Amino acid sequence: MQKKDTLFGESTQGVQKKFEFDTQVASVFDDMLERSIPFYRESLALCIDFLKYNAKDGVIYDLGCSTGNLLLNLEPHTNATLIGLDTSKAMIEHATLKAKAYNASISFKVSDCTQEDFCESSAFVSNYTLQFIRPPQRLGLVRKIYQSLRENGIFIMSEKMTTTDPLLDSQMIEYYHSYKHSNGYSKTQIARKREALENVLIPYTLQENLHLLQEAGFKHTEVLFKWVNFGMLIARK
């Protein structure tokens, strides 16, 4: 049974710290994902299906793999070599334990993907990871992904997104907060987490993300999924 996310609640004492993927967050992260990301399971299945279509072998990287859910669900359906990278040691420890429990052949590694030397690959996945990378570093990383992909290789990225229209952006945020409240988060938890993520999670607009992919070299880009301020994009080399 997964541990329930009660972080940022009314009982939290002391000065509010910035959000980080530490041991506390890792221990409740699976519950946090399911209650904080709209259509989380459906998006995961969608991502896996397009990986099955486009990357039956070769190497698949999951950048910012957290506790390994994507690769663990993908592993029975592919002959590809699966590699999960994350800067959080706590996340990698959780992912490794889960892989051992399921006897899954996946390599999980503590690594900063902006510094990693990728091998030639059939696919990369970045689910809600680029938004935590400082904007000046994003283009360099996506270019490195493009250069490491074999011909017809794919890059799937999911991001929380913003919009250039302040009114619509405010309405989208309010609607998303209502969604989280319906999943059991209190208004205090929602407000405190938003404050903790300030200047840690820096979202781009849909147009900025598409431009990022195109500037990195991708000629074929599509929106696979979009819900209010969440979206999944696919790009093919």
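This one's a predicted model, so the numbers in the text were calculated from it and none came from an experiment. Note that these values count all heavy atoms, side chains included, but never hydrogens, waters or copies made by symmetry.
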Ring centroid separation for Phe230 and Phe39, is it under 6.0 angstrom? no
Distance-only polar pair, side chains of Asp112 and Thr114, donor-acceptor under 3.5 Å: yes
If you round to the nearest 0.5 Å, how far is CD of Glu174 from CG of Asn229? 12.0 Å
What is the minimum heavy-atom distance between Pro203 and Leu201, and which atoms define it? CD-O, 3.5 Å
In this structure, is the centre-to-centre distance between the rings of Tyr146 and Phe218 below 6.0 Å? yes
Roughly how far, to the nearest 0.5 Å, is CD1 of Ile173 from CD1 of Ile190? 12.5 Å
Go through the side-chain N and O atoms of Asp169 and Thr162 and say whether any donor and acceptor fall under 3.5 Å apart. yes
To the nearest 0.5 Å, what is the distance between OG (Ser121) and CG (Leu149)? 6.5 Å
Do Lys144 and Phe118 meet the cation-pi criteria used here (NZ or CZ under 6.0 Å from the six-membered ring centre, within 45° of the axis)? yes
Go through the steps for Glu34 and Arg41 under the test salt bridge (charged side-chain N to carboxylate O under 4.0 Å, His left out), then give the verdict. CA-CA 7 Å; Glu34 295 204 21; Arg41 288 184 179 272; 2.8 Å; yes
With Arg35 as the cation and Tyr40 as the aromatic partner, state whether NZ or CZ is under 6.0 Å from the six-membered ring centre and within 45° of the axis. no
Would you say Asp86 and Ser66 make side-chain contact, with heavy atoms under 4.5 Å? yes
Against the six-membered ring of Phe155, is Arg236 placed for a cation-pi contact (under 6.0 Å from the centre, within 45° of the normal)? no
Side chain to side chain donor-acceptor pair (under 3.5 Å) between Thr67 and Lys98, worked out: CA-CA 8 Å; Thr67 63; Lys98 286 160 72 173; 3.1 Å; yes
